[in-house]
Amino acid sequence: MMDHDGENPTASRPAPSAPASALDLQELKGRVRERLLDQLNFTAMAAVDHDVLRGQLAILIMQNLEELEVPLNVAELGHFVRDIQNEILGLGPLESLLEDSAVCDILVNTYRQVYVERAGRLELTPVRFRDNTHLREVIEKIVARVGRRIDESSPMVDARLTDGSRVNAIIPPLAVDGPILSIRKFNKNMLGLEDLVGMHALTKPMGELLKAIVRVRLSTVISGGTGSGKTTLLNILSGFIPANERIITIEDSAELQLRQEHVVRLETRIANVEGKGEVTQRDLVRNSLRMRPDRIILGEVRAAEALDMLQAMNTGHDGSLATVHANSPRDAVARIETMVAMASLNLPPHAIRQQIASALDVVVQVQRLADGKRKVMSIQEVAGLDGDSVLLQEVFTFEQTGLDPQGKVKGRFRATGVRPKFMEKLQAAGMTVHPKLFDPANVEEC
């Protein structure tokens with residue numbers, strides 16, 4: 001970790017000392033940080049092991065505190081050193097939240113407010129930035145790591161942290177009060193179907209049916225609102241795709257964690273400064289058809305790529321999976337119809353609905369309830385056309401019956417009694433599904 005003169009990049013250079021009595025803790029951190037920025041060789045630091053670097057940086061921080069003649073007790077010194085290490089090597093005040101496994105989302109509303117989501121509920125944290133300039137520096141550090149930029153001419157950005165967490169930032173002039181940062185954390189602990197059953201997100205019979213649906217190559221759309229668990233369920237269902245199939249995933253920001261080995265991951269690209277070089281999901285879907293996929297998984301259908309997705313499902317790529325933002329299965333079908341219309345091919349509505357009815361087999365609705373819990377609210381079969389409308393048949397449903405004294409949602413999962421048409425495909429593929437699975441008398445309270 002030596003610079004071009006053979007010196008240690010974390011070696012101290014002479015710096016004027018300053019009395020600590022006039023500095024509060026935040027001012028002191030800013031003062032030490034500024035001194036370190038003058039003393040460090042960041043080019044040399046890039047080649048040094050992270051743990052070694054943190055250790056050398058801790059020594060240098062303590063040297064600076066001695067020069068400033070700042071008296072701190074052991075606990076204060078430990079917090080001070082860790083905070084400065086996070087400022088220089090990490091994302092400052094956000095590091096503690098990123099390390100907290102209970103935190104799912106981090107929402108920064110200017111430097112004054114940092115909210116997090118734990119167990120499906122938002123809560124305000126004591127974490128603060130020094131000012132909006134400090135927050136802007138952290139945002140710029142994030143986007144620089146992934147080769148993006150954010151400034152007044154390009155004030156919005158989607159990026160990804162090194163661990164896969166998804167980041168969205170927006171700055172003035174679009175954000176009136178100051179920079180806004182949102183981080184959807186990458187879940188390092190991959191959930192399985194049994195975990196969802198244990199959390200009462202669905203029942204075991206519902207899980208077994210979903211597993212069979214994937215294995216028998218029924219094309220499935222998972223719909224739900226923001227933060228409802230669409231991607232989590234998509235990850236779990238994709239795990240039931242046989243290992244001998246070639247899977248291509250297409251996402252705006254790669255976050256799927258497929259367990260199979262034969263997986264090709266594709267990610268969109270935004271336009272450059274000159275407005276060139278953009279690669280959309282529709283471009284990737286079209287290209288994926290030339291890559292001999294067995295299954296195509298779309299992280300989220302947002303626009304005209306819906307048409308290409310339906311075409312793929314109708315031309316030998318059945319069993320593909322996708323998610324869509326919608327409040328109900330019926331809304332999901334209507335949204336897909338609208339997105340197909342965005343392809344500007346002037347297709348009549350009846351032709352679009354024929355495509356949807358022919359391509360899709362199942363719509364799974366997920367929702368985050370008032371108590372923060374996520375549940376599979378409905379499993380519905382796309383049963384063809386009924387006149388000029390896409391016919392949906394509900395197979396399983398969750399019915400909310402009230403709230404307990406702690407504010408937790410009470411309800412029950414039950415079958416509707418409908419025996420889906422795709423049972424014939426399951427039986428033809430050797431899948432054993434007992435008829436009692438669809439008996440409406442089987443109710444599971446939760």
Side-chain angles (χ1 to χ4, degrees), residues 120 184 201-202 206 209-210 213 218-234 236-237 250-252 281-282 285 297-314 320-345 347-370 372-400 409 411 413-416 418 420-422:
R184 170 67 58 85
L202 76 171
M206 292 168 68
L209 181 63
L210 290 175
I213 283 170
L218 297 181
S219 296
T220 303
V221 165
I222 302 168
S223 70
T226 300
S228 59
K230 298 188 299 299
T231 302
T232 298
L233 183 58
L234 180 62
I236 292 171
L237 295 187
I250 298 170
E251 301 174 83
D252 273 336
Q281 281 201 127
R282 189 175 192 191
V285 172
I297 299 179
L298 265 168
E300 184 178 336
V301 183
R302 287 194 178 97
E305 66 270 8
L307 175 61
D308 302 280
M309 176 192 74
L310 295 179
Q311 297 278 22
M313 291 175 174
N314 273 325
S320 295
L321 302 168
T323 73
V324 63
H325 274 278
N327 293 326
S328 69
R330 175 60 59 189
D331 288 345
V333 170
R335 277 213 69 208
I336 292 172
E337 182 179 341
T338 300
M339 289 185 285
V340 170
M342 292 169 63
S344 301
L345 296 179
L347 290 173
H350 183 75
I352 296 176
R353 290 166 192 155
Q354 277 186 321
Q355 286 279 328
I356 294 172
S358 177
L360 296 184
D361 297 298
V362 179
V363 180
V364 181
Q365 182 69 30
V366 293
Q367 184 176 329
R368 181 173 58 181
L369 302 179
K373 301 296 184 183
R374 296 167 173 86
K375 294 189 184 295
V376 175
M377 301 297 292
S378 179
I379 299 176
Q380 299 199 16
E381 177 187 31
V382 181
L385 282 179
D386 180 15
D388 202 35
S389 300
V390 177
L391 179 62
L392 296 177
Q393 294 188 139
E394 189 166 45
V395 181
F396 282 98
T397 185
F398 174 79
E399 298 173 341
Q400 182 174 335
V409 171
F413 290 101
R414 68 173 182 85
T416 62
V418 172
K421 294 181 179 179
F422 59 67

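Quick caveat, the model's predicted, so the values are computed rather than measured.
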Exercise. Are the side chains of E305 and M339 in touch, meaning some heavy atoms are under 4.5 Å apart?
Worked result: no
Problem set entry | Set of side-chain hydrogen bond (donor to acceptor under 3.5 Å, both in side chains) partners for D331, sequence neighbours left out | S328
Problem set entry | All side-chain contact (heavy atoms from CB on, under 4.5 Å) counterparts of V333, not counting sequence neighbours | I356, V390, L392
For this session: Give every residue pair that meets the salt bridge (Lys or Arg N to Asp or Glu O under 4.0 Å) criterion with at least one member in residues 380-399, sequence neighbours excluded.
Result: R353-D388, E399-R412, E399-R414
Exercise. Who are the ring-ring contact (aromatic ring centres under 6.0 Å, His included) partners of F413, not counting sequence neighbours?
Worked result: F398
Seminar exercise, completed: Correct closest heavy-atom pair for M342 and A303 would be CE-CB, 3.9 Å
Exercise. Looking only at heavy atoms, what is the nearest atom pair of Q281 and I250, with distance?
Worked result: OE1-O, 3.6 Å
For this session: Please name all residues satisfying side-chain contact (heavy atoms from CB on, under 4.5 Å) with E251, sequence neighbours left out, ordered by chain then number.
Result: T249, A254, E255, L256
Seminar exercise, completed: Sequence neighbours excluded, the answer for salt bridge (charged side-chain N to carboxylate O under 4.0 Å, His left out) partners of R335 is none
For this session: Ignoring hydrogens and angles, tell me if any N or O in the side chain of T220 forms a donor-acceptor pair with the backbone of L218 under 3.5 Å.
Result: yes
Problem set entry | pair L209-F422: side-chain heavy atoms closer than 4.5 Å | yes
Problem set entry | Sub-4.5 Å side-chain heavy-atom contact between M309 and S320 | no
Exercise. Any side-chain heavy atom of V382 sitting closer than 4.5 Å to one from D361?
Worked result: no
Exercise. Are I336 and L310 close enough that some pair of their side-chain heavy atoms sits under 4.5 Å apart?
Worked result: yes
